[in-house]
Every structure is written in C-alpha cells, then in structure tokens.
*Asks:* 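Sending over a structure as structure tokens; questions will come in a sec.
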Amino acid sequence: QKEVEQNSGPLSVPEGAIASLNCTYSDRGSQSFFWYRQYSGKSPELIMFIYSNGDKEDGRFTAQLNKASQYVSLLIRDSQPSDSATYLCAVYFGNEKLTFGTGTRLTIIP
Amino acid sequence: GAVVSQHPSWVICKSGTSVKIECRSLDFQATTMFWYRQFPKQSLMLMATSNEGSKATYEQGVEKDKFLINHASLTLSTLTVTSAHPEDSSFYICSASGQADSLGNEQYFGPGTRLTVT
C-alpha cells in the first residue's frame with residue numbers, strides 16, 4: 001500500500017515566522033513530489049514540485065527532499081495571513097496517479 | 001501557463017437527471033486528465049484517469065456506468081454524472097498533466113464544480 005502521511009494539524013504560526021510542513025511517504029523508489037495549497041471551498045493549487053534530493057527555493061517557499069529518510073518538507077518564510085490554508089503533499093509512486101496526503105491545515109496568526 | 005478550466009463552476013439539478021462537467025486545458029495539451037471528488041472536510045478522492053483517445057480507468061468502487069468520462073481531444077475531457085442522486089452532491093475537480101517544455105508529470109487542477117442534487 002503506497003502511503004503519504006502528513007500531520008493534520010491545525011498548525012498555528014505567528015505572522016512573519018517560518019511555517020514548517022512535513023510529509024513522509026512509504027515507497028523509497030518514488031521520484032516526484034509535490035506541494036499543493038488548498039483554500040477552503042477551492043481546488044488545489046500547485047505551489048512547488050521537487051524531484052532531486054536537497055532544497056528547492058521559489059520566493060518565500062522552500063521544498064526539501066530527503067529520499068534516504070523518505071520525507072519531504074515545505075518551509076514558508078515570512079508567513080502571511082494569506083498563507084492560511086490546507087497544504088497537501090502528493091507523491092508519484094510510478095503509476096501515473098498522484099497519491100495525496102490528508103493535508104495539514106495551517107493558520108497564520110496576525 | 002498550465003491553466004485548466006472547468007465548466008460549470010456550480011450546478012443544481014434534480015434527482016434522476018444527468019449533469020455534464022467539462023474540463024479544458026487552455027495552454028497545453030493534456031495527455032492525461034484526472035477526475036477527483038471531494039466531500040466537505042475530506043481529502044481528494046481520485047475517481048478515474050483518462051488518456052486522450054482511450055477508455056478511462058476507474059478507481060475501485062467508482063461506477064463507470066454512472067460516471068461517464070470522455071477524453072476526446074488533448075484539451076477536453078468531460079464527466080457526466082448520470083441519474084444523479086443527492087448522495088452524488090460533491091465538489092468535482094479535474095486535473096491535467098501533459099505536454100509542454102515546462103511540464104514534467106505535475107498535475108494542474110481546474111477550479112472545480114460544485115454539484116448539488118435536490
């Protein structure tokens with residue numbers, strides 16, 4: 001059974017601080033990893049993808065991948081109230097379908 | 001780039017009628033489209049995967065005769081909910097992955113269609 005696990009939260013972070021979201025996955029052979037943001041009542045929006053070990057930065061977002069430990073994380077620097085949403089980790093297990101975690105609900109406190 | 005649209009954004013229909021939802025990739029060719037359903041406060045549930053010109057592959061427990069999927073072109077897939085019932089009321093979301101220099105195998109989601117069956 002291919003699984004993606006996330007802490008469901010809620011995770012509360014003060015405005016301006018760093019929010020750290022974590023995700024673990026079950027298949028060591030996975031190659032592609034994605035972070036989606038979903039606001040309440042809206043569809044998911046792709047914010048980061050990462051294929052190689054290490055860090056990938058895009059603006060205030062940094063994705064970190066450690067294949068040996070089978071985890072991927074998302075850091076949000078200078079958190080803003082508009083970052084309050086559910087963040088979904090998704091992994092390709094090589095069968096064309098994305099497997100999603102259940103999501104972490106993030107709340108940025110002004 | 002990588003924009004996916006859905007139509008309609010919301011629909012209300014009577015029990016027993018059929019509803020068609022369209023999903024279009026606007027600026028890339030979608031070799032594969034996916035249909036998801038999401039109930040309130042729950043995670044996304046994949047219903048089916050469709051490749052252009054082929055029959056859709058349905059997930060276990062999804063009735064293929066009830067949820068008809070057509071992927072006739074590289075930019076359009078449709079989901080028809082036949083003989084809809086109140087328990088089919090949900091948020092239906094499509095996503096697409098496909099061909100473009102900037103696209104790997106990431107999926108881009110449409111804005112979703114909220115279906116209410118009365």
Side-chain angles (χ1 to χ4, degrees), chain A residues 1-10 21 23-25 27 29-52 56 58 61 63 65 72 74 84-107, chain B residues 1-10 21 23 25 28 30-52 54 56-60 62 71 90-98 100 102-116:
Chain A
Q1 182 79 1
K2 312 289 189 183
E3 293 184 344
V4 178
E5 295 191 0
Q6 294 180 256
N7 187 320
S8 61
L21 305 161
C23 170
T24 59
Y25 57 95
D27 185 357
S30 302
Q31 297 295 320
S32 307
F33 308 87
F34 307 86
W35 283 100
Y36 287 86
R37 176 177 63 198
Q38 186 174 24
Y39 293 113
S40 180
K42 303 294 185 182
S43 68
E45 174 191 8
L46 178 65
I47 52 174
M48 290 286 287
F49 58 87
I50 185 167
Y51 300 145
S52 304
K56 179 182 178 182
D58 183 1
F61 298 98
L65 175 61
V72 56
L74 179 70
S84 298
T86 296
Y87 288 80
L88 301 169
C89 173
V91 179
Y92 262 117
F93 289 121
N95 59 355
E96 182 178 59
K97 299 184 293 188
L98 273 179
T99 299
F100 285 88
T102 52
T104 298
R105 188 155 55 94
L106 173 66
T107 300
Chain B
V3 178
V4 178
S5 70
Q6 261 183 263
H7 177 80
S9 55
W10 60 269
I21 302 170
C23 176
S25 57
F28 67 102
T31 50
T32 308
M33 285 185 168
F34 305 83
W35 287 95
Y36 294 84
R37 181 166 55 180
Q38 188 174 38
F39 293 105
K41 299 192 184 301
Q42 294 187 23
S43 190
L44 293 166
M45 187 194 83
L46 179 66
M47 299 175 67
T49 302
S50 74
N51 292 292
E52 184 263 341
S54 303
T57 301
Y58 290 80
E59 294 300 298
Q60 193 170 9
V62 178
H71 190 168
S90 188
F91 190 39
Y92 291 85
I93 315 171
C94 72
S95 71
S97 64
S102 61
L103 295 182
N105 55 4
E106 55 268 29
Q107 287 183 29
Y108 293 88
F109 284 84
T113 296
R114 195 163 300 282
L115 170 64
T116 301

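Below, chain A is the first sequence line, B the second, and so on; all start at residue 1. Worth saying up front: this structure is predicted, and the values here are computed from it rather than measured.
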*Asks:* Can you tell me how far CZ of B:R114 sits from OG of A:S43, rounded to the nearest 0.5 angstrom?
*Replies:*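 Spacing of OG (A:S43) from CZ (B:R114) equals 10.5 Å.
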*Asks:* For the residue pair B:Y108 and A:L46, establish whether any side-chain heavy-atom pair is separated by less than 4.5 Å.
*Replies:*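 A side-chain contact exists here, since the closest heavy-atom pair is under 4.5 Å.
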*Asks:* In terms of heavy-atom proximity below 4.5 Å to chain B, should A:Q31 be classed as side chain, backbone, both, or neither?
*Replies:*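 A:Q31 has no heavy atom closer than 4.5 Å to chain B.
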*Asks:* Out of A:P44, A:A90, A:S32, return the one with the most heavy atom pairs under 4.5 angstrom to chain B.
*Replies:*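 Most heavy-atom pairs within the cutoff with chain B belong to A:P44.
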*Asks:* If I take atom CD from residue A:Q38 and atom CD1 from residue B:I93, how far apart are they, to the nearest 0.5 angstrom?
*Replies:*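 So the gap between those two atoms works out to 5.5 Å.
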*Asks:* Would you list the pairs meeting salt bridge (Lys or Arg N to Asp or Glu O under 4.0 Å) in which at least one residue belongs to residues 30-52 of chain A, sequence neighbours left out?
*Replies:*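 Residue pairs passing salt bridge (Lys or Arg N to Asp or Glu O under 4.0 Å), neighbours aside: A:R37-A:E45.
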*Asks:* Which value, rounded to the nearest 0.5 Å, describes the distance between A:Y92 atom OH and B:E106 atom CD?
*Replies:*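 It is 8.5 Å, given to the nearest 0.5 Å.
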*Asks:* Do B:Q107 and A:F34 have side chains that approach each other closer than 4.5 Å (heavy atoms only, starting at C-beta)?
*Replies:*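 Side-chain contact under 4.5 Å: no.
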*Asks:* With only heavy atoms counted, which part of B:Q42 is less than 4.5 Å from chain A, the side chain, the backbone, both or neither?
*Replies:*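 Contact with chain A involves no heavy atom of B:Q42 at all.
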*Asks:* If you count every heavy atom of other residues, nucleotides or ligands that lies below 6.0 Å from A:R105 atom CZ, does the total exceed 12?
*Replies:*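 Open.
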*Asks:* Any heavy-atom pair between the side chains of A:L98 and B:Y36 that's under 4.5 Å?
*Replies:*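 Counting from C-beta outward, B:Y36 and A:L98 do come under 4.5 Å.
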